[in-house]
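Note sheet for the following structure.
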Amino acid sequence: MKGTCQQKFEYSARCFTWAFGLILAGASVSQVGQILPEHTYTMLAILYCIFAVAALITWYFDIKRLKKDN
């Protein structure tokens, strides 16, 4: 049986990892947008939005599974 401190640490680490990944990807897209043609940047921004939604859905089910296992 896992201790509550370990559960909280794992939950926090997963949240930080997912949030940092989304923030880093968003920052990269915004910085690259300055050197790309407008239509390419628009497509990249749309793909980032799709990625962010998919990542949030995956994160939700990952945390839900983590809570269910404990």
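We count residues from 1, following the sequence as given. On a predicted model such as this, the values are computed, not experimentally measured, just so you know.
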Are Y60 and I57 co-members of a hydrophobic cluster defined by side-chain heavy atoms under 4.5 Å apart? yes
Indicate the atoms forming the closest heavy-atom contact of L22 with A52, along with that distance. CD2-CA, 3.7 Å
Closest non-hydrogen atom pair, F51 against A25: CE2-CB, 4.0 Å
F20 CZ to C15 SG distance, which is reported to the nearest 0.5 Å: 15.0 Å
Taking atom CD of Q34 and atom OH of Y41, what is their separation to the nearest 0.5 Å? 8.5 Å
Could you see if L24 belongs to whatever hydrophobic cluster contains F16? Use Ile, Leu, Val, Met, Phe, Trp, Tyr and a side-chain cutoff under 4.5 Å. yes
S12 (side chain) donor-acceptor with F9 (main chain) under 3.5 angstrom: no
Option passing side-chain contact (heavy atoms from CB on, under 4.5 Å) with W18 (candidates L56, D62, I23): D62
Of all heavy-atom pairs linking Y48 and V29, the shortest is CB-CG2, 4.0 Å
When rounded to the nearest 0.5 angstrom, what is the spacing between CG in L36 and CD in Q31? 11.5 Å
